[in-house]
Amino acid sequence: MWKTFCLSLLVAGLFSCQEGKRYQSFKPGEIWLDNTEVHINAHGGGILYDGGRYYWFGEHKTEGEAGNRANVGVHCYSSDDLYNWIDEGIALTVEPEGSGSPIEKGCILERPKVIHNAKTGKYVMWFHLEPKGMGYRGAQSGVAVSDRVTGPYRFLHAGRINAGKWAENASDELKNAPVPALEDAYSGGSLPGHPDSLNIHKRDLERGQMARDMNLFVDGDGKAYHIYASEENSTLQIAQLNDDYTDHNGVYVRCFAGRFMEAPAMFKHNGKYYLMMSGCTGWAPNAARSAVADSILGEWKELGNPCMDADSATTYHSQSTYILPMPGHPDKFIYMGDRWTPENAIDGRYIWLPLEFDGERFVIHWQDEWKM
């Protein structure tokens with residue numbers, strides 16, 4: 001049905017081809033067809049540039065509310081210009097129902113990101129995972145690897161993060177304080193007190209830290225970092241990965257305690273590190289946040305909402321998922337956001353907009369159509 005709808009748009013003349021390419025510009029929020037005439041299905045995704053091509057990995061959604069769960073897996077597309085995308089198929093396939101796998105069909109598998117390890121030659125995928133039947137109480141991270149960028153990826157393991165390890169910036173006071181926080185008592189969007197007064201960090205020490213919305217970042221020295229919403233979504237954590245990128249090495253920090261940041265996207269510009277995030281309002285969009293630091297592990301300083309125009313209070317009706325350096329423009333980046341439609345997950349749209357700098361801050365302006 002979806003392919004028939006997309007083909008009807010093509011026949012109606014809503015898309016044009018020039019020099020063998022359908023698209024010559026970005027049109028945020030519109031249907032975006034791949035080379036098979038189907039709307040791109042890579043939600044909550046990220047981009048890997050490898051071997052002269054861009055690879056877009058994201059959640060494969062299906063129709064209806066049930067499509068918000070992982071019924072297929074992680075989809076991959078490739079492009080040489082960022083406008084026109086080739087369907088490369090399912091990079092990571094969920095396991096059949098009844099398999100007992102952590103990534104069994106019907107689990108929640110969100111925000112997949114892929115990075116390449118130059119030492120091992122492997123492509124490593126991380127994602128937020130909620131095993132089937134757990135709702136959002138699992139708060140796990142999953143890992144898969146492949147020898148080829150497009151896959152297939154082989155699932156390795158999933159679980160909580162840095163079990164038994166304190167954050168580098170955890171105070172002695174916090175380490176010695178009692179733990180009033182309860183298990184399975186919070187919604188993920190609010191708490192009855194500050195996360196430090198509840199001591200959620202210590203509550204989760206032995207079984208590992210929670211991780212939901214996430215991203216990855218590889219620095220110039222080859223060290224890789226996992227950025228994720230933790231402590232009932234109240235606190236962002238940034239953790240180093242080990243040398244092969246398939247696990248953590250025990251080094252991590254707590255950032256923005258009590259600020260309820262999710263949907264993190266990190267990038268680097270002129271030696272400084274930047275983050276874009278959202279607040280926690282479920283599927284409903286909200287005003288974005290931004291921050292800057294001289295070091296990935298902080299201290300981080302908030303910079304406010306980077307969106308400047310009408311609808312800035314909803315991040316142009318979207319939520320951040322990735323920040324991509326703009327080809328040929330060293331001072332510009334592309335904001336990648338999702339416009340979620342949870343009542344019919346497959347109809348989620350993509351909001352890609354140019355990100356520019358105004359002094360220390362980065363800013364995003366709305367454009368109905370734009371070119372690099």
Side-chain angles (χ1 to χ4, degrees), residues 26-30 43-46 58 68 110-111 128 136 186-191 194-195 211-215 217 227-238 254-267 269 272-293 298-324 326 332-343 348-368 370:
F26 297 108
K27 295 182 179 181
E30 293 197 6
H43 309 270
N68 294 303
E110 297 178 335
R111 298 183 178 270
H128 165 214
Y136 276 87
Y186 310 115
S187 67
S190 63
L191 290 171
H194 191 278
R212 292 187 178 127
D213 279 11
M214 57 138 284
N215 221 311
F217 179 80
I227 309 105
Y228 50 93
S230 190
E231 301 179 37
E232 306 287 357
N233 282 1
S234 70
T235 303
L236 200 75
Q237 293 186 0
I238 302 175
R254 305 171 67 234
C255 308
F256 316 110
R259 288 287 287 131
F260 288 91
M261 307 278 206
E262 63 179 9
M266 181 182 286
F267 65 102
H269 175 66
K272 292 184 180 291
Y273 301 88
Y274 291 87
L275 275 168
M276 183 170 177
M277 300 149 290
S278 79
C280 295
T281 53
W283 295 109
N286 55 61
R289 289 94 173 276
S290 63
V292 64
E299 296 283 327
W300 286 88
K301 179 179 73 172
E302 288 196 53
L303 300 173
N305 186 351
C307 299
M308 297 285 105
D309 304 316
D311 293 326
S312 62
T314 63
T315 315
Y316 311 122
H317 302 281
S318 70
Q319 186 183 39
S320 50
T321 186
Y322 198 75
I323 303 294
L324 174 68
M326 191 183 296
K332 296 184 178 182
F333 297 79
I334 297 175
Y335 161 74
M336 292 173 53
D338 287 280
R339 183 171 287 175
W340 303 111
T341 54
E343 67 282 356
R349 307 294 177 89
Y350 309 105
I351 307 299
W352 287 25
L353 290 167
L355 179 155
E356 300 176 337
F357 277 83
D358 181 8
E360 185 182 51
R361 295 185 63 200
F362 64 89
V363 296
I364 302 170
H365 291 279
W366 175 260
Q367 297 190 45
D368 292 329
W370 66 280

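Just the heavy atoms: all of them, side chains too, but no hydrogens, waters or symmetry mates, feed the values below.
- Under the rule for a ring pair (Phe, Tyr, Trp, His ring centres under 6.0 Å), Phe260 has no partner lying at least two apart in sequence or in another chain.
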For residues 282-291, tabulate all N or O donor-acceptor pairs below 3.5 Å that involve a side-chain atom, not counting sequence neighbours.
| residue | atom | partner | partner atom | Å |
| --- | --- | --- | --- | --- |
| Asn286 | OD1 | Gly279 | N | 2.8 |
| Asn286 | ND2 | Gly279 | O | 3.1 |
| Asn286 | ND2 | Thr281 | OG1 | 2.7 |
| Arg289 | NH1 | Arg259 | O | 3.1 |
| Ser290 | OG | Gly304 | O | 2.6 |

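- Judged purely by atom type and a 3.5 angstrom limit, Asp338 uses its side chain to pair as donor or acceptor with the backbone of Gly44.
- Applying the side chain to side chain contact (heavy atoms under 4.5 Å, CB included) test to Ser187 and every residue at least two apart in sequence or in another chain returns Ser190.
- Every residue two or more places apart in sequence or in another chain was checked for a side chain to side chain donor-acceptor pair (under 3.5 Å) with His194, and none qualifies.
- The main-chain N or O of Thr321 is found under 3.5 Å from a side-chain atom of Asn215 such that the two form a donor-acceptor pair.
- With sequence neighbours excluded, no residue satisfies salt bridge (charged side-chain N to carboxylate O under 4.0 Å, His left out) with Glu262.
- Taking Asp213 as the reference, Arg111 meet the salt bridge (charged side-chain N to carboxylate O under 4.0 Å, His left out) condition, with sequence neighbours excluded.
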Show the atom names and distances, to 0.1 Å, of all donor-acceptor pairs under 3.5 Å that link a side chain in residues 351-363 to residues at least two apart or in another chain.
| residue | atom | partner | partner atom | Å |
| --- | --- | --- | --- | --- |
| Glu356 | OE2 | Lys332 | NZ | 3.3 |
| Glu360 | OE1 | Lys301 | NZ | 3.0 |
| Arg361 | NE | Leu303 | O | 3.3 |
| Arg361 | NH2 | Asn305 | O | 2.6 |

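- Considering only residues two or more places apart in sequence or on other chains, Asn233 meets the side chain to side chain donor-acceptor pair (under 3.5 Å) condition with Arg212.
- Distance alone, capped at 3.5 Å, is enough to place a donor-acceptor pair between the Tyr316 side chain and the Ile364 backbone.
- Looking at residues two or more places apart in sequence or on another chain, you find no ring pair (Phe, Tyr, Trp, His ring centres under 6.0 Å) involving Tyr322.
- Not counting sequence neighbours, the partners of Ser318 by the side chain to side chain donor-acceptor pair (under 3.5 Å) test are Tyr335.
- Sorted pairs that involve residues 310-321 and meet salt bridge (Lys or Arg N to Asp or Glu O under 4.0 Å), not counting sequence neighbours, are lacking altogether.
- Checked against side chain to side chain donor-acceptor pair (under 3.5 Å), Ser278 has the following partners two or more places apart in sequence or in another chain: Gln319.
- In Glu343, the CD atom is crowded: over 12 heavy atoms of neighbouring residues, nucleotides or ligands sit closer than 6.0 Å.
- Between His269 and Phe333, the ring planes are perpendicular. Angles over 60° get that label, and only those under 30° would be called parallel.
- Here the side chain of Asn68 pairs a donor or acceptor atom with the backbone of Pro342 at under 3.5 angstrom.
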